Amino acid sequence: MADQNAAAPETAAPDVSGLTKAQIKRMKRFDNPWRNPKLIWGVGLLLSIVALGILGRIFWDTEMVFTGSGLPRQAPVGIENMRGQMGSWAHPLGTDVTGKDILALLIVGAPNSLYVGVLASLIGMSIGIFLGFSAGFIGGRVDDVIRVGSDVMITIPPLLILVVFQAAYGDISLTIMAMLIACFVWQSPTRLIRAQVLSMRESGYVQMARLSGASTGHIMFREMLPNLVPYLFGSFIANVTTSIVTAVGLEVLGLGPQRVPTLGRVIYDAINSGALIQNLWWWWGIPTILLAVMFIGLLLINLGLDEVSNPRLRRL
Amino acid sequence: MTILDFKNVSIDFPTSKGVVHAVTDISLSVPEGRRIGFIGESGSGKTTTALAAMRMLAKPGFVSQGEIHLNSLGKTDILNLTDEEMRRVRLRKISYIPQGAMNSLNPVMRIENQIWDGIIAHEGAVTDVELKRRSDVALNGVGLDPEIVGPLYPHELSGGMKQRVCIAIGVCLDPDLIIADEPTSALDVITQRHVMQTLRDVQAKIGAGLILIGHDMGLMAQSVDDIAVLKKGELVEFGPVRQIIETPQHPYTQELISSVPLVGGESFLDPAPATPAEGFKTEDGTPLLELRNVTKRYGSVTALHPMSFTLDGEVPKIISIVGQSGSGKSTMGSLMLGFNAPTEGEVLFKGRDINRQSPDEALTFRKEVQAVFQDPYACFNPFYRVNHTLKFPFERFGLSKGADHTTEAMEEACRAVGLAPETVLGRYPHQLSGGQRQRLIVARALMLSPKLLIADEPVSMVDASLRATILKNIHDLKDRHGISIIYITHDLATAYHVSDYVMVLYKGHVVEAGPPHDVIGDPQHTYTQLLISSIPWPDLDRDWGSPDDARSALEGLSELEGQQEAILRGTIPGFKLA
């Protein structure tokens with residue numbers, strides 16, 4: 001009964017002889033797709049922002065975000081400001097015109113900006129997963145409504161609505177801001193998941209699961225959802241980027257939370273107080289660099305995830 | 001005089017797991033006007049070798065050693081040509097006829113324009129009148145009327161016509177060599193015969209060499225002069241077709257030939273056990289499965305005309321439903337599984353309408369009616385180890401008495417289909433071959449011990465050498481486990497061997513039905529006769545007929561439209577076709 005043929009591979013086996021050690025080492029990396037350099041660097045950059053928030057709260061005095069914590073207009077360590085004062089270790093990244101410590105502002109502000117982005121994206125994704133699955137799985141009227149709804153929403157510029165809304169309501173908390181932004185980031189995951197569910201619904205393993213008497217819930221969450229994970233991750237990261245850009249955009253316009261330091265808020269204050277004319281570059285420059293690090297980190301994660309889920313993009 | 005010589009060619013693919021030697025040291029010559037067949041299973045390197053001659057290897061593959069000479073180019077090695085020189089060789093010297101014609105033609109261009117494209121790319125400015133004349137000649141050569149077909153778009157043609165257009169494009173510049181990569185694998189047998197005859201015809205007319213890539217020994221026997229047998233990148237046997245077919249030397253070649261089931265030939269099945277397994281029996285004689293005037297329409301298209309039959313499971317049996325694509329056979333399968341509701345009529349399982357069941361009844365129905373699908377690659381969720389597919393239904397249907405019992409049942413089922421449990425269980429689906437996966441699906445069905453199994457083309461995507469083994473496994477389900485089976489297939493030869501009763505479907509009608517020895521061994525209906533005469537046999541003395549035969553066969557098919565009276569050829573106990 002046993003048949004040797006069944007166990008034999010159909011193609012010739014790979015040959016690892018005749019390769020240099022470095023090549024073999026690089027190949028090893030492909031055994032585990034998650035050990036992707038882009039992904040690791042991206043995660044590293046984002047973690048460094050989180051670490052800034054945590055370590056800063058331990059080793060630095062975050063009370064210095066308030067006005068008058070030090071002399072105004074101090075330059076970073078070792079640099080002279082326009083009045084000829086040298087920057088000191090008391091304020092390593094300098095201070096603004098009201099004497100707020102820039103380092104303390106960043107320690108509190110950077111994680112706040114990330115928080116808004118992640119929370120908005122999480123809410124958006126949850127809505128997207130729910131609506132996408134409903135549209136793809138139930139179909140018919142439900143699908144029509146959700147599809148038209150998300151298509152219409154995608155054409156509305158979020159900033160326009162948010163500016164009007166926030167101008168009307170004034171000061172809001174970070175969480176409310178995240179929820180408002182979430183209203184504009186659920187459309188693309190909805191469309192993505194709907195499309196995937198539609199094609200997956202006809203796939204062999206879903207048929208097999210139906211044949212096994214699986215419930216709709218099982219088919220959706222145990223059979224389909226795991227295969228969507230790479231797409232979900234990618235979409236999530238893209239949404240975090242969009243949300244942060246939107247949040248910072250609003251803050252730089254002077255909208256959004258008024259009393260909580262965020263990176264956008266710091267830049268808004270700097271512009272508002274004439275930091276550009278007074279050559280207080282550290283005031284707006286350092287938060288901008290931090291935002292850039294955040295975006296580069298997110299971009300690298302997205303590229304890395306792309307390679308993880310699509311082996312064809314991987315190169316030797 | 002040879003046209004193309006492969007000299008010690010090896011092709012490597014550097015991958016993340018190491019270098020795969022896809023082709024190792026192949027030397028081969030294609031003489032002028034001769035047809036060479038490359039035969040082997042998937043992954044044997046047959047396409048790779050042929051594509052190397054066109055320098056069209058998929059990345060990251062490359063020719064690691066050897067030379068390829070095209071004699072009309074003099075002494076130059078093809079591999080040393082510049083890209084521009086190579087571009088001029090393609091189509092003009094070596095042309096390629098791809099596997100899936102439906103994906104190879106540009107959907108937004110008329111047929112003639114696609115032929116003109118090739119001519120202009122190689123000859124520069126040619127007058128419109130000349131272009132028109134050349135495309136007319138090319139289309140005439142493959143038996144298509146240029147006045148009608150020329151201005152059409154690809155979607156307006158049938159599969160066979162599209163494949164013939166591809167042939168016309170391939171030969172419009174009178175190349176030295178034509179490479180045809182499984183040109184008929186997507187076509188049904190009747191069209192296949194016509195397309196192959198057309199290809200042979202044009203090739204003989206322009207005197208080019210032909211490399212035909214395929215996996216079907218029968219098709220090879222009917223279409224080529226020499227056969228090259230490839231296995232895992234090595235050329236294991238090469239010789240004239242008669243020598244290969246009649247006195248194969250290499251065991252692999254012998255296996256390939258013997259794996260083609262013949263109508264009327266020796267059976268590949270194990271003899272039936274003396275005491276067949278008990279089937280399902282009801283007290284009041286309710287049939288296991290009953291179709292009452294089942295009709296299925298998709299919009300204005302009727303996929304299945306009213307059909308009624310009853311099948312009782314008392315003596316387990318295999319009922320084959322045979323037909324070409326579009327005959328309604330897969331529709332029948334999904335109706336019987338309850339995946340689709342009939343437009344009219346009802347499907348009854350043990351006397352109950354399967355489309356009107358309570359959730360509890362539906363679960364029982366699922367347990368008792370299982371299926372094996374066509375595509376073993378899609379049937380496993382790539383996220384889970386293969387155990388999931390076996391374990392989940394076993395537990396879901398309440399058959400499991402604990403984790404140990406499940407594992408034991410899985411191992412036992414694997415052994416029953418001839419798989420060693422330790423080599424397959426606990427692996428991810430992509431680590432297994434198609435044959436292994438399909439056997440696991442059979443093992444899954446076995447674990448659930450259903451009353452009825454719907455096998456929808458279970459072996460059409462599995463390599464030829466494994467087909468017989470998998471069919472044997474399925475046949476065992478009937479003999480040893482008492483499961484009645486509906487076997488849906490396009491392959492008459494396997495249906496002849498495994499089934500107890502055969503229904504031939506054509507455009508949603510049963511055209512002929514009865515025991516296989518009558519229906520397939522001695523067909524009465526025109527359609528069945530056509531099907532059987534179109535099968536390419538791996539037997540040189542059983543000729544395929546001339547191109548005219550093939551053409552008249554296709555014409556005969558179009559005349560069939562009106563005449564749909566079923567010819568019933570005798571009955572077997574326990575199955576009644578109304």
Side-chain angles (χ1 to χ4, degrees), chain A residues 1-19 23-33 35-36 199-216 218-219 221-230 307 309 311-316, chain B residues 12-24 41-45 60 232-234 255 337 339 362-363 366-367 369-371 373-384 389 392-394 396-397 415-420 423-424 433-436 439 441 444 448 463 465-466 469:
Chain A
M1 215 47 205
D3 187 327
Q4 286 84 20
N5 245 320
E10 287 160 343
T11 0
D15 172 15
V16 281
S17 61
L19 292 171
Q23 274 175 313
I24 290 175
K25 199 178 158 199
R26 289 181 74 174
M27 281 172 175
K28 281 264 164 64
R29 214 169 61 201
F30 286 89
D31 289 348
N32 185 353
R35 281 169 58 193
N36 182 297
S199 73
M200 239 181 238
R201 201 170 58 168
E202 301 303 320
S203 72
Y205 57 86
V206 170
Q207 300 263 339
M208 228 51 205
R210 286 176 72 186
L211 209 54
S212 306
S215 60
T216 311
H218 176 98
I219 292 178
F221 296 107
R222 299 286 305 281
E223 302 285 340
M224 288 181 167
L225 198 60
N227 289 296
L228 281 172
V229 164
E307 288 182 15
S309 58
R312 257 178 277 177
L313 291 174
R314 287 180 228 156
R315 269 165 309 192
L316 275 179
Chain B
D12 285 354
F13 280 76
T15 68
S16 60
K17 295 271 188 284
V19 178
V20 176
H21 300 300
V23 172
T24 325
E41 294 183 349
S42 48
S44 62
K232 292 187 184 175
E234 280 171 50
E255 194 189 315
L337 283 170
F339 280 0
L363 195 63
R366 281 277 169 259
K367 181 182 167 299
V369 182
Q370 281 296 321
F373 294 123
Q374 179 172 15
D375 186 353
Y377 296 90
C379 278
F380 289 90
N381 192 333
F383 185 78
Y384 295 105
T389 309
F392 174 71
F394 197 64
R396 172 84 182 141
F397 294 137
R415 275 191 284 271
V417 295
L419 290 171
T423 59
V424 289
S433 72
Q436 284 173 316
R439 285 176 172 199
I441 294 289
R444 173 186 171 281
L448 304 175
D463 274 328
S465 59
L466 279 174
T469 332

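Within every chain, numbering begins at 1; the chains are lettered A, B, ... in the order of the sequence lines, protein sequences first and strands thereafter. Given the structure is predicted, the values throughout are model-derived calculations rather than measurements.
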How long is the span from the [atom1] atom in [X] to the [atom2] atom in [Y], to the nearest 0.5 Å?
X      : Y      : atom1 : atom2 : result
A:L211 : B:L337 : CG    : CG    : 6.0 Å
A:M208 : B:R444 : CE    : CZ    : 4.0 Å
A:R222 : B:N381 : CZ    : CG    : 10.0 Å

Handout entry: Nearest non-hydrogen partners of A:P226 and B:Y384, listed with the distance
Key = CG-OH, 3.8 Å
Problem - Taking every non-hydrogen atom, the tightest pair across B:P382 and A:N227 - result: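 The answer is CG-OD1, 3.4 Å.
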Handout entry: Top contributor to chain A interface from B:F392, B:F380, B:F13, B:F373 [non-hydrogen pairs under 4.5 Å]
Key =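 Maximum pair count with chain A is reached by B:F392.
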Problem - Contacting moiety of B:I441, where chain A heavy atoms sit under 4.5 Å - result: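 Looking at B:I441, just its side chain touches chain A.
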Problem - Atom group of B:V23 that falls short of 4.5 Å from chain A, counting heavy atoms - result: neither
Problem - Residue, of A:S212, A:A209, A:S203, that accumulates the most heavy atom pairs under 4.5 Å with chain B - result: A:S212
